[in-house]
Amino acid sequence: MTTYAFGDLQGCYEELRLLLDHIEFDPSSDKLCFTGDLVNRGPDSLKVLEYLYSINESVVNVLGNHDFHLIALALTDRKLRSKDNSLSPILSSSNKINLIEWLRHQPLFHMEKESDTLIVHAGVHPSWTLEMVKKYSEEIQSVIRGDDASVFFKAMYSDDSWSTDLIGKKRFNAIVNSFTRMRYLNELGECNFEEKDSPEKVTNELIPWYLYPNRKVKNDLIVFGHWSSLGYFYDHNVVCLDGGCVWGGELVAVDLSKPDVPIRINSLKSK
């Protein structure tokens with residue numbers, strides 16, 4: 001059995017199938033781990049969800065910010081914006097309930113024990129230990145899978161940065177933001193959710209989360225997506241797999257036993 005990790009799909013179904021053909025994916029023996037953001041902005045978000053739902057036994061997906069946004073649209077009266085149009089086919093699908101339920105029962109992080117690999121969407125807050133990662137993930141999972149999930153999703157949109165003194169909605173939002181939106185922190189440990197450029201282009205004093213001093217989780221390999229300007233990146237015991245496929249870049253995967261060997265398919269949008 002081979003376990004593969006994939007970067008952000010964001011509705012790039014055709015590229016996904018091409019990459020699966022390239023690796024000769026066998027759903028009876030191989031395992032696919034996705035770093036989240038399965039949907040939104042790309043052409044075939046519904047096809048992506050339907051396909052992964054159909055091979056659920058072979059799939060693990062950690063939730064990304066776009067996945068959270070889709071669930072929020074499905075469970076609340078929040079209005080679609082023009083940039084959400086790619087999600088409309090899911091929300092009007094006859095299979096909507098099954099797909100949304102499947103999505104909201106995905107974790108915020110996944111540990112592949114055989115390879116000591118932790119998979120998240122955006123990253124692991126530098127102040128968190130592995131025990132804290134597990135605890136905070138379970139805390140949010142219990143909320144978004146519960147009967148009152150819509151209350152959480154209505155109040156989800158904020159820029160709260162993690163701090164141990166937060167309570168209630170701000171605490172929940174800060175945990176979700178750390179798992180799904182984090183790229184940089186300042187010297188005070190506050191997350192900056194605005195800066196999206198790669199580190200070599202950033203001239204201010206922001207620090208990538210994986211370079212933050214005294215980062216607690218260092219021994220386990222961390223695989224993440226979310227950061228398309230960073231692209232495939234392997235250093236400091238982290239691997240970024242977001243190749244910006246939806247923007248005309250590439251879809252990137254790795255065999256988790258060979259994280260230094262990226263497997264790439266160019267975006268069909270670039271042709």
Side-chain angles (χ1 to χ4, degrees), residues 2-25 27 30-55 58-70 82-90 99 103 106 110 117 119-123 179-183 196-199 201 222-235 238-256 258-271:
T2 304
T3 301
Y4 297 95
F6 286 72
D8 302 34
L9 295 179
Q10 291 202 249
C12 295
Y13 174 76
E14 295 297 334
E15 289 88 345
L16 170 62
R17 296 306 299 265
L18 287 171
L19 192 46
L20 292 179
D21 288 344
H22 178 71
I23 64 176
E24 299 181 346
F25 167 61
D30 296 331
K31 184 176 182 179
L32 308 179
C33 299
F34 294 90
T35 60
D37 277 4
L38 299 178
V39 300
N40 210 5
R41 295 181 176 157
D44 295 310
S45 291
L46 176 58
K47 284 186 178 181
V48 166
L49 286 190
E50 288 180 330
Y51 176 66
L52 297 185
Y53 180 76
S54 74
I55 58 167
S58 303
V59 170
V60 172
N61 174 64
V62 297
L63 291 170
N65 51 304
H66 288 283
D67 305 322
F68 267 94
H69 182 55
L70 170 60
S82 59
K83 60 183 179 180
D84 297 328
N85 288 341
S86 63
L87 299 176
S88 295
I90 300 172
L99 297 176
L103 195 60
Q106 302 302 304
H110 172 71
T117 301
I119 300 173
V120 290
H121 178 60
F179 275 116
T180 68
R181 296 179 59 209
M182 180 177 62
R183 294 186 184 92
K196 298 181 180 181
D197 266 334
S198 56
K201 295 181 180 179
I222 300 176
V223 175
F224 65 103
H226 184 61
W227 203 337
S228 61
S229 63
L230 189 59
Y232 171 76
F233 175 85
Y234 179 42
D235 203 355
V238 303
V239 182
C240 179
L241 295 178
D242 185 2
C245 186
V246 72
W247 307 117
E250 56 190 13
L251 182 61
V252 185
V254 291
D255 174 342
L256 285 182
K258 307 171 185 176
D260 58 332
V261 183
I263 308 165
R264 312 169 192 256
I265 290 288
N266 288 333
S267 170
L268 297 178
K269 189 175 182 179
S270 64
K271 295 183 177 180

Colleague: Okay, side chain of Ser267, backbone of Cys245: is any donor-acceptor separation there less than 3.5 Å?
Modeller: yes
Colleague: Give a yes or no answer on whether the side chain of His226 reaches the backbone of Arg181 with a donor-acceptor pair at less than 3.5 Å.
Modeller: yes
Colleague: For residues Leu49 and Leu99, report the shortest heavy-atom separation together with the two atoms involved.
Modeller: O-CD2, 3.9 Å
Colleague: Applying side-chain hydrogen bond (donor to acceptor under 3.5 Å, both in side chains), can you list everything that pairs with Ser58, at least two apart in sequence or on another chain?
Modeller: none
Colleague: Considering non-hydrogen atoms only, spot the tightest contact between Cys33 and Thr3 and give its length.
Modeller: SG-CG2, 3.8 Å
Colleague: Are Asp242 and Val252 close enough, and set up right, to give a side-chain contact (heavy atoms from CB on, under 4.5 Å), and what steps lead you there?
Modeller: CA-CA 7 Å; Asp242 185 2; Val252 185; over 6 Å; no
Colleague: For Asp255, give me all partners under side chain to side chain contact (heavy atoms under 4.5 Å, CB included), at least two apart in sequence or on another chain.
Modeller: Thr2, Tyr4, Ser257, Lys258
Colleague: If you measure from CZ on Phe224 to CZ on Arg183, what distance do you get to the nearest 0.5 Å?
Modeller: 10.0 Å
Colleague: Using 0.5 Å steps for rounding, measure from the CG atom of Leu230 to the NZ atom of Lys196.
Modeller: 14.5 Å
Colleague: What residue pairs, at least two apart or across chains, pass salt bridge (Lys or Arg N to Asp or Glu O under 4.0 Å) with a residue in residues 31-42?
Modeller: Lys31-Glu112
Colleague: Among side-chain atoms of His69 and Asp84, is any donor-acceptor pair under 3.5 angstrom?
Modeller: yes
Colleague: Considering all heavy atoms of both residues, which atom of Ile119 and which atom of Val62 are nearest to each other, and what is their separation?
Modeller: O-CG1, 3.4 Å
Colleague: In Å and rounded to the nearest 0.5 Å, what is the OH to CG distance from Tyr13 to Leu52?
Modeller: 9.0 Å
Colleague: Which heavy atom of Asp8 sits nearest a heavy atom of Gly225, and at what distance?
Modeller: OD1-CA, 3.4 Å
Colleague: Measure the CG-CZ distance between Leu16 and Phe25 for me, rounded to the nearest 0.5 Å.
Modeller: 9.0 Å
Colleague: Asn40: which residues meet the side-chain hydrogen bond (donor to acceptor under 3.5 Å, both in side chains) condition with it, sequence neighbours left out?
Modeller: His66, Ser86
Colleague: Shortest non-hydrogen contact from Thr180 to Leu63?
Modeller: CG2-O, 3.5 Å
Colleague: With a 4.5 Å heavy-atom cut-off, do Asp67 and Val39 have their side chains touching?
Modeller: yes
Colleague: Could you tell me the separation between the CG atom of Leu256 and the OG1 atom of Thr117, rounded to the nearest 0.5 Å?
Modeller: 5.0 Å
Colleague: Step by step, work out the side-chain contact (heavy atoms from CB on, under 4.5 Å) result for Phe233 and Val238.
Modeller: CA-CA 8 Å; Phe233 175 85; Val238 303; 3.9 Å; yes
Colleague: At what distance, to the nearest 0.5 angstrom, does CD1 of Ile265 lie from CG of Leu18?
Modeller: 5.5 Å
Colleague: Is Cys12 close to Leu251 at the side-chain level, that is, under 4.5 Å between some pair of heavy atoms?
Modeller: no
Colleague: If we ignore hydrogens and angles and just use 3.5 Å, is the side chain of Ser229 paired with the main-chain N or O of Ser198 as donor and acceptor?
Modeller: yes
Colleague: List in chain and number order the residues that pass side-chain hydrogen bond (donor to acceptor under 3.5 Å, both in side chains) with Glu250, two or more places apart in sequence or in another chain; answer none if no residue qualifies.
Modeller: Arg264
Colleague: Please name the pair of heavy atoms, one in Tyr232 and one in Leu241, separated by the smallest distance, quoted to 0.1 Å.
Modeller: CD1-CD2, 4.0 Å
Colleague: Is it true that a side-chain atom of Thr35 and a backbone atom of Phe6 form a donor plus acceptor pair closer than 3.5 Å?
Modeller: yes
Colleague: Between Lys269 and Trp247 (side chain of the first, backbone of the second, donor and acceptor by atom type, cut-off under 3.5 Å), is there such a pair?
Modeller: no
Colleague: For residues Leu70 and Ile90, determine if any side-chain heavy atom of one lies less than 4.5 Å from a side-chain heavy atom of the other.
Modeller: yes
Colleague: When you compare the side chain of Tyr51 with that of Leu20, does any pair of heavy atoms fall below 4.5 Å?
Modeller: yes
Colleague: For Asp44, check salt bridge (Lys or Arg N to Asp or Glu O under 4.0 Å) against everything at least two apart and list the hits.
Modeller: none
Colleague: Determine yes or no for a side-chain-to-main-chain donor-acceptor pair under 3.5 angstrom, with Asp30 supplying the side chain and Pro27 the backbone.
Modeller: no
